[in-house]
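Here the structure is laid out as structure tokens; the discussion comes afterwards.
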Amino acid sequence: MPSTNHDNSVIEMIRSFSKRLSLRNRLPAPAVKDSIPALHNEFTQLNLHPQDLRKLDKLVFHWGTEDEQVHYVLERLAHLERVGTWNGFKLTSLPVHLCLLSNLRCLSFKAAGLTGCIPDEIGNLVGLVELHLDENQLRGALPNSLYLLKKLAFLNVANNQLEGGLSEDISDMESLSWVSFANNRLVGTIPQGVGNLTKLVWFDCSGNTLAGPPPNLSRLSVLMNFITV
């Protein structure tokens with residue numbers, strides 16, 4: 001497939017802040033070089049070609065990347081499977097284009113400076129397996145669409161300012177294994193439907209104002225930790 005002006009624009013943008021981005025994929029070296037030495041702020045120059053963009057599956061944003069650059073790149077890399085942040089990267093809100101990434105399996109924006117609400121469009125990510133939004137300043141209620149993510153295994157929204165309650169629809173999230181709602185402003189009761197999550201290993205809703213009878217956990221044979229206070 002011939003390259004487009006959009007492809008070339010994305011390549012130039014990625015090159016222009018390559019020291020603030022990590023791109024990992026399944027391409028053989030040296031088509032795209034790995035640019036993260038995990039313990040050092042030393043990054044190699046990327047050598048990208050238009051055809052390589054369609055094979056990239058992981059994108060990690062670093063400090064200094066601006067909001068408009070993030071939105072621009074995400075809009076044009078719709079096949080990404082993993083998107084995350086590292087090294088103090090800050091973003092004001094979840095980019096709307098994230099919710100259009102139909103192949104996304106992992107979204108990790110821990111301590112990324114996020115504010116505002118989790119968008120309803122998060123429910124479009126039906127293939128999502130991991131969602132890490134902990135240690136931000138997210139507020140408002142958990143969107144009902146979150147409970148549509150039936151492949152989600154890891155859910156971490158701890159240490160935000162989320163309000164409202166937990167829905168009984170959580171019982172539909174049959175793949176959940178590790179969950180933390182800790183240290184928010186949630187109220188109400190712990191849904192009885194949690195007792196139907198047979199793959200659940202870890203559940204933490206401490207640091208909220210949740211009351212009422214606990215769910216029946218007798219079916220949760222692999223459960224190791226159930227933390228409420």
Side-chain angles (χ1 to χ4, degrees), residues 57-61 67 70-85 91-205 208 210 215:
D57 65 6
K58 181 175 181 179
L59 182 61
V60 179
F61 293 101
D67 282 19
V70 173
H71 288 265
Y72 185 89
V73 171
L74 288 176
E75 185 179 8
R76 289 157 177 81
L77 298 180
H79 47 279
L80 288 169
E81 296 180 9
R82 303 176 67 87
V83 177
T85 61
L91 191 65
T92 56
S93 62
L94 281 174
V96 64
H97 295 299
L98 278 174
C99 299
L100 301 177
L101 302 180
S102 58
N103 293 324
L104 200 63
R105 300 294 178 266
C106 176
L107 175 57
S108 181
F109 275 15
K110 176 179 179 178
L114 296 175
T115 60
C117 301
I118 300 174
D120 288 335
E121 291 81 1
I122 198 79
N124 295 335
L125 302 176
V126 294
L128 201 63
V129 176
E130 299 183 36
L131 178 59
H132 306 276
L133 299 176
D134 45 315
E135 298 183 28
N136 286 289
Q137 299 177 48
L138 294 167
R139 54 181 175 77
L142 292 166
N144 290 331
S145 61
L146 180 68
Y147 303 106
L148 299 176
L149 304 181
K150 295 187 177 182
K151 294 184 179 180
L152 197 65
F154 298 89
L155 172 60
N156 192 350
V157 292
N159 301 307
N160 280 284
Q161 301 172 27
L162 297 170
E163 301 170 338
L166 299 176
S167 171
E168 285 291 345
D169 290 338
I170 196 172
S171 63
D172 295 332
M173 303 175 75
E174 54 194 26
S175 299
L176 279 179
S177 173
W178 197 102
V179 183
S180 182
F181 298 110
N183 301 318
N184 280 283
R185 300 173 180 175
L186 300 175
V187 297
T189 62
I190 302 172
Q192 293 298 308
V194 172
N196 297 325
L197 302 175
T198 56
K199 297 180 180 179
L200 196 62
V201 175
W202 181 288
F203 185 91
D204 187 355
C205 62
N208 291 284
L210 296 170

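Just the heavy atoms: all of them, side chains too, but no hydrogens, waters or symmetry mates, feed the values below.
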So, taking the atom named [atom1] in [X] and the one named [atom2] in [Y], what distance separates them when rounded to the nearest 0.5 Å?
| X | Y | atom1 | atom2 | result |
| --- | --- | --- | --- | --- |
| S171 | N196 | OG | CG | 5.5 Å |
| C99 | L94 | SG | CG | 7.0 Å |
| F181 | N208 | CZ | CG | 9.5 Å |
| S167 | M173 | OG | CE | 10.0 Å |
| L176 | I170 | CG | CD1 | 6.0 Å |
| L107 | I122 | CG | CD1 | 6.0 Å |

Scanning both residues in full, the closest heavy-atom pair of P119 with P143 reads O-CG, 3.9 Å

| Atom of Y147, atom of L166 and distance for their closest heavy-atom approach |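 Residues Y147 and L166, closest heavy atoms: OH-CA, 3.8 Å.
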
- Any sub-3.5 Å donor-acceptor pair from N160's side-chain atoms to L138's backbone N or O?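 Yes; judged by distance alone, with no hydrogens or angles, the pair exists.
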
Check your understanding: With no hydrogens and no angle check, is any side-chain donor or acceptor of E135 less than 3.5 Å from a backbone partner on A158?
Key -> no

Are any non-hydrogen side-chain atoms of [X] and [Y] less than 4.5 angstrom apart?
| X | Y | answer |
| --- | --- | --- |
| F203 | V194 | yes |
| V179 | F154 | no |
| L133 | I118 | yes |
| D134 | F109 | no |
| E163 | R139 | no |
| P215 | P191 | no |
| L200 | S177 | no |

Check: Sequence neighbours excluded, which residues qualify as side-chain hydrogen bond (donor to acceptor under 3.5 Å, both in side chains) partners of E130?
Finding: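 For E130, the residues satisfying side-chain hydrogen bond (donor to acceptor under 3.5 Å, both in side chains) (neighbours in sequence not counted) are H132.
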
- Please assess L131 against N156 for the test side-chain contact (heavy atoms from CB on, under 4.5 Å), listing each intermediate value before the final yes or no. CA-CA 6 Å; L131 178 59; N156 192 350; over 6 Å; no

> side-chain contact (heavy atoms from CB on, under 4.5 Å) between N136 and V157: does it pass, once the steps are laid out?
Replying inline: CA-CA 8 Å; N136 286 289; V157 292; over 6 Å; no

Q: May I have the step-by-step check of side-chain contact (heavy atoms from CB on, under 4.5 Å) for L152 and V129, ending in yes or no?
A: CA-CA 4 Å; L152 197 65; V129 176; 5.7 Å; no

*Pair listing, side-chain hydrogen bond (donor to acceptor under 3.5 Å, both in side chains) test, anchored in residues 116-129, at least two apart*: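 Sorted result for residues 116-129: empty, none.
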
(request) Could you tell me whether E81 and R105 have a side-chain N and a carboxylate O separated by less than 4.0 Å? (result)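 No, E81 and R105 are not salt-bridged.
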
message: Could you walk me through whether V83 and C106 satisfy the side-chain contact (heavy atoms from CB on, under 4.5 Å) test, starting with their C-alpha distance in whole Å, then the side-chain angles of each, then the deciding distance to 0.1 Å, before giving a yes or no?
response: CA-CA 6 Å; V83 177; C106 176; over 6 Å; no

For this session: Evaluate salt bridge (charged side-chain N to carboxylate O under 4.0 Å, His left out) for E174 paired with K150, printing each intermediate quantity in order.
Result: CA-CA 6 Å; E174 54 194 26; K150 295 187 177 182; 5.9 Å; no

Please say whether more than 12 non-hydrogen atoms of neighbouring residues, nucleotides or ligands are located less than 6.0 Å from CG in D169. yes

Exercise. Please walk me through it: do N183 and N159 pass side-chain hydrogen bond (donor to acceptor under 3.5 Å, both in side chains)?
Worked result: CA-CA 5 Å; N183 301 318; N159 301 307; 3.0 Å; yes

Next item on the list: Among N184, L155, L162, find the one that has a side-chain contact (heavy atoms from CB on, under 4.5 Å) with L142.
Entry: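 Looking at N184, L155, L162, the match for L142 under the side-chain contact (heavy atoms from CB on, under 4.5 Å) is L162.
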
